[in-house]
Structure formats: structure tokens, C-alpha cells
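Being a predicted model, the structure only gives us computed values, none of them experimental.
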Amino acid sequence: MDPGHLDPDSLKSVSVLPSAFQRLFPFRYFNAVQSASFAETFLSDQNIVISAPTGSGKTILFELCILRLLTSFLTPEGDFNRVPGGLKTVYIAPTKALVQDKLRDWSLRFSFLGLKCQELTGDTNVSNVHELHDADVILTTPEKFDFVTRRHRDHGGLSFFADISLLLIDEVHLLSEPRGASLEAVISRMKMLARFPELKECPIARIRFIAVSATVPNIEDIAEWLKVSASGMKRFGEETRPVKLTTRVYGYAPAKNDFLFERRLQNFLYDVLMHHWQGRPSLVFCSTRRGAQEAAVTLAETGLKLGTQNPFIKSQEQYQRLQDAANLTNERQLQQCINCGVAFHNGGLPLSDRNLVEGLFLKGDLQVLCTTNTLAHGVNLPAHSVIIKSTQYYNKEKGSYTEYERSTILQMSGRAGRPQFDDSGVVIIMTRRETVHLYQNLLSGSEPVESELLPSIVEHLNAEVVLLTVSDVGLAIDWLKCSFLYVRIKKNPQHYHIQAGVSNESLENKMKEICLQNVNELANYGMLQSDEFGFTLTPLEPGKIMAKYYLHFETMKAITNAPDRSTLENLLYVLANAKELSSIKLRRDEKKRLNSINSETSSRMRFHVTAPNGTIKKRIQTHVEKIFVLTNDVLSGEPSALDFSMSQDINCICTSGTRICRGMSDYFIFMKRYKEACNALTLGKCLKQRLWEKTSYPLKQLVGIGQVTAKALLKAGVDSFDKLAAADPRRLELITGRKYPFGNQVKSALDALPPRVDLKLFEVGFGKIECCLTRLSPANRSSKHIADLVVGNKEENRLLFHERIRYLSKETSIHLEDTTHQSRRSIKGGVCFQQLGIQLVNSKLYTAELNLQAITQIQSHLHAKLYVEVLGFVLCSP
């Protein structure tokens with residue numbers, strides 16, 4: 001098709017597409033933005049950057065680019081003859097919700113072409129890249145794609161990347177957010193891979209980049225980064241928005257803490273709503289489920305006090321429909337709200353209630369819907385007015401309140417204005433006084449996109465060295481030149497702490513200095529190795545571990561500096577100092593509670609924060625001490641009742657801590673440090689199960705047994721898996737006060753336990769040891785258990801052997817050699833079970849100890865009480 005035959009000033013008809021593709025679009029004409037970009041998206045293979053307001057139809061532009069790629073499969077007769085997975089499209093979006101929304105849409109709409117769409121996010125379990133080989137469209141988030149691309153050379157994964165032909169970047173202004181570093185890194189990585197000589201005949205060598213964003217002032221910088229020509233750079237203003245949008249940003253005085261600030265905003269919500277509402281459907285976005293519920297209840301109570309003057313009830317017919325709908329839910333507060341013309345919506349409601357609320361809102365019977373920001377990325381519920389009540393949300397990973405990402409604010413704002421009903425929309429942002437200007441600039445499109453790569457450049461550079469994308473200093477500098485940072489540091493050096501007015505040559509030298517400084521630091525800590533000339537870069541095992549587990553360099557340095565023969569307490573302090581947990585703050589109102597927990601002298605608290613003289617500290621003074629106390633509290637098996645903020649902090653500690661401990665254990669295994677490896681494995685499993693290995697509540701690991709039930713069972717003497725297995729189901733129900741068939745269900749949960757294993761060590765010659773593992777229980781191949789077999793020399797703290805076993809045959813023997821010349825030495829061996837799928841594991845470190853002087857052997861089985869170390873998930877019985 002000749003682009004010259006198309007009038008650039010007219011709306012393009014869907015009929016200009018090949019007949020095989022026309023079914024994709026349920027309309028006859030593309031809108032102004034789509035028509036103006038048609039030649040660049042569908043009639044060429046050039047890279048494109050498009051800046052346009054929310055709601056202007058940018059998704060259709062992505063679809064036109066996909067169709068352009070698929071024209072390769074059109075026969076001369078116009079038939080579509082696809083090769084599965086032959087040419088791949090990768091779609092990257094900021095959030096899982098947005099990815100899943102696109103997945104549902106594209107899986108349905110592209111089905112007539114037979115395209116396979118595959119989600120790749122934290123919610124999917126695509127453990128092997130081979131599963132992606134047949135996918136045509138892969139939808140993912142920056143972090144997950146970074147995770148997969150870091151392993152692109154493993155198990156034949158390079159062929160997966162070789163087939164990538166099209167990279168779609170949604171909300172590219174994400175680059176300005178902390179998470180933008182991952183997006184920048186993966187795109188820079190793809191640019192580097194496209195240069196590889198070994199891939200020059202593959203589709204990736206000609207990869208096409210398509211990036212779209214909201215209105216931003218420096219789209220030309222993104223275009224320069226992605227090598228976009230002048231014709232491929234498209235900028236559309238507010239005039240292209242189908243519905244005119246009015247924006248307002250209101251600032252309020254701060255409260256004692258961020259949680260109280262959001263609650264205070266409820267006092268102003270009704271007045272703000274009445275000022276801008278105009279009697280049309282409105283969405284109120286709140287940062288938490290509880291906040292959305294409280295906002296709805298407050299508005300409903302205000303409307304109820306007004307009686308017949310309730311602004312949310314417009315007619316008797318509407319009131320009657322709401323009364324009937326309210327009877328369809330069992331949620332009492334939701335009933336009260338619906339009766340007043342208001343409702344709340346969040347993921348905690350049953351699906352039937354969410355569907356009910358959505359239906360009432362779409363019909364117009366519900367005038368105001370209070371919800372969380374996840375609705376902005378998922379269900380399509382447009383409204384005339386959108387109110388963003390507070391611009392902060394509780395970040396579970398960081399354990400603190402943080403500002404919404406700009407992409408989230410824009411997504412929420414994009415719900416305002418309903419093209420089929422309104423000719424205008426309103427967006428109101430309620431924030432703190434000091435952040436008013438930030439959101440004014442954001443909504444007006446005057447805030448430039450900057451790079452966030454510099455704060456995490458050392459981690460990403462290490463990942464490239466591990467991948468062999470960067471194998472020498474020259475390629476490291478080339479990789480940096482492939483980044484958006486390289487573009488922006490020349491335009492706005494002050495933002496990156498470089499004096500303004502410096503020459504381009506000085507900036508080039510500064511970039512080289514940044515690169516060399518990070519390379520040298522990685523080399524100094526053993527993450528990589530350079531040759532005698534300091535040019536060639538070779539990844540070392542610690543660097544591979546750091547990249548594999550997404551560890552901060554500061555955390556990795558702390559692990560490498562861990563004391564010799566580190567105890568559990570030592571490693572717990574290493575964890576508390578981890579950079580990943582540095583966002584957990586010590587708040588003033590938490591100190592009294594933390595002091596009280598740390599001062600407990602009962603056996604519940606295993607470790608305490610102590611003063612230099614060894615006494616228990618009376619005052620918790622740092623966030624590290626707070627993390628240490630909270631971790632001990634949650635692992636006690638009888639955790640304290642804590643407020644919302646500290647409960648969220650604990651979630652962050654256990655989630656991130658499990659990953660960090662896994663990195664610790666791999667490092668200590670590599671370094672052959674036996675005691676530290678065992679303790680790191682133990683701590684990781686304890687964090688995952690939220691129990692110490694020497695716990696009185698091992699049964700809490702089973703599905704259906706919580707704190708109250710576990711205490712009742714313990715009081716009745718049922719304190720181990722063996723005793724639970726022997727107990728009568730009806731007796732279990734009597735003990736716990738639970739109804740039938742609880743007893744049968746909890747006993748069936750025992751089937752998921754890893755198999756019982758007997759471990760024996762024999763001396764079969766001087767310095768030669770045989771380790772014999774015997775499975776005592778029937779094999780259950782449906783349970784995906786993984787066992788860590790660890791054998792070490794205690795006196796020398798030396799790891800002799802480690803292996804991860806995915807399936808244990810009836811009997812396995814391993815021969816080892818201990819070359820030590822000590823007259824007395826003790827060899828210890830243990831097998832611990834991990835488990836993938838179920839939140840259960842076996843930790844009994846089935847230990848066997850062999851004293852090579854006395855030739856005596858001590859052995860323990862699942863029911864025995866002798867356990868020195870525990871490395872698995874299912875914790876040992878007392």
C-alpha cells in the first residue's frame with residue numbers, strides 16, 4: 001500500500017487495512033490521533049514515540065503496529081498464514097493490572113488470527129523461557145521482563161529473545177519514577193542485544209520500538225534515546241482529547257502522620273465533591289481498602305442526615321432500585337451506603353458484590369463510588385468527575401507511605417470524562433500543600449521525563465556483566481550510552497548533580513568516570529574480575545548471586561562482610577541492615593510499643609536488642625533495631641497485636657527477607673562456609689513460614705490452622721505432625737471448636753508434607769565418607785519438594801558438599817572426601833526440604849553426626865527430639 005495515496009488530513013477508514021485484519025476493529029473510522037499516525041504505525045517499520053492525552057486511543061496505535069508485523073504472514077492472495085511464535089511482540093506496562101487488562105482484551109480480539117498472548121508478571125508461573133517460545137504477544141512489567149532477560153542465556157533462552165521483533169512501551173513516562181530504572185535497563189539491554197554479531201540474522205537485530213506516553217514536554221529526548229526519526233515523533237495536545245478535561249489541585253496542611261492525613265481529608269471530601277460534582281457519576285480514589293470504605297460511609301452518613309435533600313438520590317424510582325439492590329448483598333456497611341446512593345469497591349469484596357456495585361454505577365443509580373487505585377487499571381468504569389483523595393499510598397515493599405507513581409495518577413485521571421455521555425470531565429487532586437506544584441505540573445504536561453538509572457546503576461551494570469552483554473570496559477561505556485541517562489545528563493546535568501555549563505567533552509569524561517568507578521567497586525568486592533590491564537570483565541559467582549536475587553550492592557557488601565561463623569543473630573542483623581529494608585522507618589508513636597516488646601524477658605523473644613555492655617536496651621532508637629525486634633516478634637509463634645503500619649512493615653520484612661536470605665545462603669555455600677550456610681537457610685525458611693525452627697507451633701504451617709487453633713491443639717498435647725496424624729478427626733474438631741469436616745481437612749493437609757528421610761554418615765576409608773539418604777515414606781511425585789543436602793566439617797567451618805535434590809529415590813549414596821589432617825573432626829550432614837507450590841516445608845534437618853575419632857554415629861528421625869539445625873520449611877516438632 002502506497003502511503004502517498006492516503007490523505008494525511010482525513011480520518012482513515014478501517015477498510016484500508018488488509019481484509020484479513022479488519023475484524024479487529026469494531027468501528028469504521030480511526031480517530032484523529034490514530035489517523036494522523038497511521039502511515040508511521042502501519043505503513044512503515046520505523047521506531048515511533050507518541051505523546052498524547054489519556055483517552056485519545058493510543059492502544060489502537062499499538063494494535064496497528066502489531067498488524068504491521070503480522071503482514072509478514074500474509075500470502076499474495078491476502079490469506080493469513082501465521083508461524084507460531086515466529087515474530088514476537090513484547091508489551092511492557094507499569095502495572096500488573098494494566099497488563100492483565102490488555103491480556104483479556106487482546107486474547108479475545110486477536111483470537112480470530114490465532115495469536116497466542118502470554119502474561120509474564122509476578123502473578124504468573126512461567127519458570128522456563130521455553131514456555132514462551134510459541135507465544136506471539138508477551139505482556140509483562142519492567143521488573144518481570146528484567147528478571148527474565150537476566151536469564152536469557154540459560155537453557156536455550158537466547159532463541160526466545162532472538163525472535164523479538166516489536167517492543168511496545170506503554171506509559172514510557174514511567175522512566176521518571178524509581179521503578180523506571182528497570183524499564184530503562186531492559187530497553188538498553190535490548191538495544192545492546194540487537195548489536196550482537198551472533199544475532200544479526202535474527203528478528204531482534206531489526207527490533208522496532210514503539211513508545212507512548214501522556215503529554216510530556218521532552219518527547220524529543222525519548223525519541224533520541226530510541227533512535228526515532230523526525231517523522232516518527234508524534235506530539236498531540238489537549239485539543240485531541242475526546243472530552244475536555246478541567247483539573248484542580250488542592251493543598252492541605254499536613255497531619256502528624258500520613259495515615260492521619262488521609263483520614264483528615266474526609267472532612268473536606270463532601271464539600272469538594274459538591275463544588276465540582278454537577279450531579280453526575282463520580283469516582284473517589286483512596287489509597288487503601290479501609291480508606292475507601294470509610295470515605296463511602298462518611299458520604300452516606302452526610303447524605304442520610306440531609307434526608308429528602310440527599311444530593312445522591314434524585315428520584316423515588318432510583319431510591320427504590322437502590323433499596324432492592326442493597327438487599328442483594330450481605331455486607332452491612334455496603335447495604336447502608338447503597339441505600340444512600342453511594343458505595344465502595346475494592347478487592348476485598350466478594351465478586352458478586354463487586355459486580356453489583358459496578359452495574360449500579362454504570363446504570364447511574366450510584367452517584368459516587370469510593371475505590372482504590374487498582375480500579376483505575378482494571379475495570380472500565382468512566383465517570384464525569386474523579387477525585388484523588390491523597391496522593392500517597394502505603395507501599396508494602398518499602399514499608400512506608402510514598403507518593404503515587406505519575407503513571408498511576410494519570411491512569412486515575414484518565415477515568416474522568418465519558419465520551420458517550422459528557423463533553424467535559426473534572427479531575428480533583430487533594431494533596432499536601434508542599435506537593436501542589438508537582439501535580440499541577442504533571443496534569444499540565446510541563447514536567448519533563450528524567451532518568452532514574454543513576455541511583456541503581458551499579459546493580460544494573462553488574463547484571464549486564466553477568467549476562468555477558470558487557471564483557472569489557474568499552475562495552476560498559478557503550479551500554480551507558482544506550483541509556484536514557486546518557487541523553488538527559490547532557491540536557492539537564494544539574495538534575496544529576498553535575499555543574500551546569502560544562503562542555504560536552506567534560507560530560508563524556510564524567511560518564512566514563514561513573515562507569516569505571518562502578519566497575520572498580522564491583523571488582524573490589526569480588527563481584528567481577530578484570531584482566532591485568534583492567535579492561536576485560538568476567539562475572540564471578542558473588543556477582544551472579546547479586547543479579548539472580550535482585551540484591552542491592554550495599555546489601556551484598558554486608559553479606560560478604562558477615563562475621564566468621566555467623567550465628568542466626570549475626571545474620572539477623574545483616575538482614576536488618578539490608579538496603580532493601582531501609583525504607584522501613586522508626587516512627588515516634590511506635591517507640592513505646594517496640595520498647596515493651598524488646599524488654600520482654602519471657603522465652604517468647606529469642607533475641608533482644610542489647611546495649612554494648614550486653615544488657616537489654618530500654619529504648620529502640622533506629623530503624624535497624626526496629627526491624628530486629630519486629631522479626632523476633634513475628635517468628636516467636638505468638639506475635640504481638642500491632643497497628644496497621646507495623647503489620648505492613650512485617651509483611652515487607654518477611655517477603656524481602658526470604659529473598660535476601662536465599663542470596664545469603666547461596667553466597668555462603670559458594671564460599672564453603674558451613675555454619676553460615678546452614679544459618680542462612682534456616683533464617684530464610686523461618687521468615688517464609690513466620691516461625692522459628694524451634695517452635696511450639698509447627699502446626700501453624702498447615703492450611704486452616706491459625707494462632708487460636710494452634711494454641712488449642714498445643715494445650716491438648718497435639719503439638720507435632722505425628723500426633724496430628726494419629727489423632728481422630730472428630731477429636732480435633734472437639735479440641736478446636738471447629739465444625740465438620742475440619743478434622744478431615746487438616747489431616748489431609750499432612751499429605752503435602754515432604755517425605756521422611758533418614759541420613760547416615762559412614763567412614764569408608766581414611767578421609768573418605770559415605771553419605772546415605774533413605775526415603776522412609778512413600779514418594780509423592782505430585783508434591784514439588786526440593787531438598788538441600790548439606791554436609792560440612794564443623795571444626796574448620798568448611799562446607800564439604802551441597803546439592804539441591806528435586807526428587808529422592810528410595811536410597812541415594814554420595815561419596816565424599818575430607819582431606820583435613822586434624823586428629824579429631826566432626827562431620828555433619830543434613831537434608832532440608834523446600835517446597836514450591838504449597839506454603840509448607842520440612843524442616844527437620846534430618847541430621848547425622850559422625851565423630852571420626854570414636855567412629856560413633858547419632859541419627860535422628862522425623863519423630864525424634866534431637867535437632868541441632870533446621871534448614872527446611874516444615875519446622876520440627878518440640
Side-chain angles (χ1 to χ4, degrees), residues 11 26-27 29-36 50-61 97-98 101 105 170-171 173 212-216 235-250 269 272-286 311-312 314 343 345 357-389 391 404 406-430 439-446:
L11 295 182
F27 46 79
Y29 291 95
F30 296 107
N31 69 18
V33 171
Q34 296 153 4
S35 297
I50 300 173
S51 173
T54 303
S56 54
K58 296 190 288 290
T59 297
I60 300 296
L61 301 178
L98 196 55
D101 185 46
D105 182 31
D170 205 352
E171 313 284 2
H173 46 263
V212 303
S213 79
T215 307
V216 293
R235 191 196 306 268
F236 300 95
E238 288 295 315
E239 69 279 359
T240 61
R241 187 188 292 274
V243 176
K244 183 181 178 182
L245 205 62
T246 302
T247 60
R248 295 285 186 273
V249 182
Y250 296 127
L269 181 59
V272 170
L273 187 62
M274 291 299 102
H275 186 68
H276 297 281
W277 178 44
Q278 299 180 9
R280 305 183 201 179
S282 300
L283 286 172
V284 179
F285 286 105
C286 307
F312 309 125
K314 297 182 177 180
H345 181 290
V357 168
E358 291 165 14
L360 291 171
F361 188 78
L362 287 171
K363 291 176 184 177
D365 287 337
L366 281 179
Q367 294 295 298
V368 180
L369 183 60
C370 300
T371 183
T372 54
N373 70 80
T374 52
L375 186 71
H377 300 289
V379 184
N380 185 21
L381 291 179
H384 173 265
S385 305
V386 164
I387 298 177
I388 301 173
K389 185 173 75 75
T391 54
Y404 279 125
R406 56 183 293 163
S407 56
T408 300
I409 293 289
L410 293 172
Q411 281 289 333
M412 291 189 284
S413 302
R415 294 299 188 188
R418 303 170 300 165
Q420 67 272 44
F421 300 115
D422 301 323
D423 55 6
S424 65
V426 180
V427 175
I428 301 103
I429 295 180
M430 304 171 72
Y439 294 100
Q440 288 175 335
N441 291 340
L442 175 61
L443 294 179
S444 64
S446 59

CD1-CD1 distance between I428 and I388, expressed to the nearest 0.5 angstrom = 9.0 Å
Where the side chain of Q34 meets the backbone of I60, is there a donor-acceptor pair that is under 3.5 Å apart?
-> no
Which heavy atom in A416 sits nearest to a heavy atom in L245, and how many Å separate them?
-> CB-CD1, 3.6 Å
Rounding to 0.5 Å, atoms CG (L369) and CZ (R415) come to a distance of 11.5 Å
Rounded to the nearest 0.5 Å, what's the gap from SG on C286 to NZ on K389? Could you check?
-> 4.5 Å
Considering non-hydrogen atoms only, spot the tightest contact between P53 and G237 and give its length.
-> CG-O, 3.2 Å
Heavy-atom closest pair (H173 atom, L410 atom, distance to 0.1 Å) is NE2-CD1, 3.4 Å
Are the side chain of K58 and the backbone N or O of S51 linked by a donor-acceptor pair below 3.5 Å?
-> no
Flag yes if more than 12 heavy atoms outside K314 fall under 6.0 Å of its NZ atom; otherwise flag no.
-> yes
Go through the steps to decide whether T372 and F285 satisfy the test side chain to side chain contact (heavy atoms under 4.5 Å, CB included), and finish with yes or no.
-> CA-CA 5 Å; T372 54; F285 286 105; over 6 Å; no
Short question: side chain of S35, backbone of F30 - any donor-acceptor pair under 3.5 Å?
-> yes
Shortest non-hydrogen separation from M430 to I387 and the atoms involved = SD-CG2, 3.8 Å
Identify the two heavy atoms, one from F361 and one from S282, that lie closest to each other, and give their separation to 0.1 Å.
-> CE1-O, 3.6 Å
Where is the tightest heavy-atom contact between H384 and S424, given as atom of each residue plus distance?
-> CD2-O, 3.3 Å
Distance, nearest 0.5 Å, that separates CD1 of I409 from OH of Y439 = 5.0 Å
Here the gap from L443 atom CG to I429 atom CD1, rounded to the nearest 0.5 Å, amounts to 4.0 Å
Which value, rounded to the nearest 0.5 Å, describes the distance between S385 atom OG and R248 atom CZ?
-> 11.5 Å
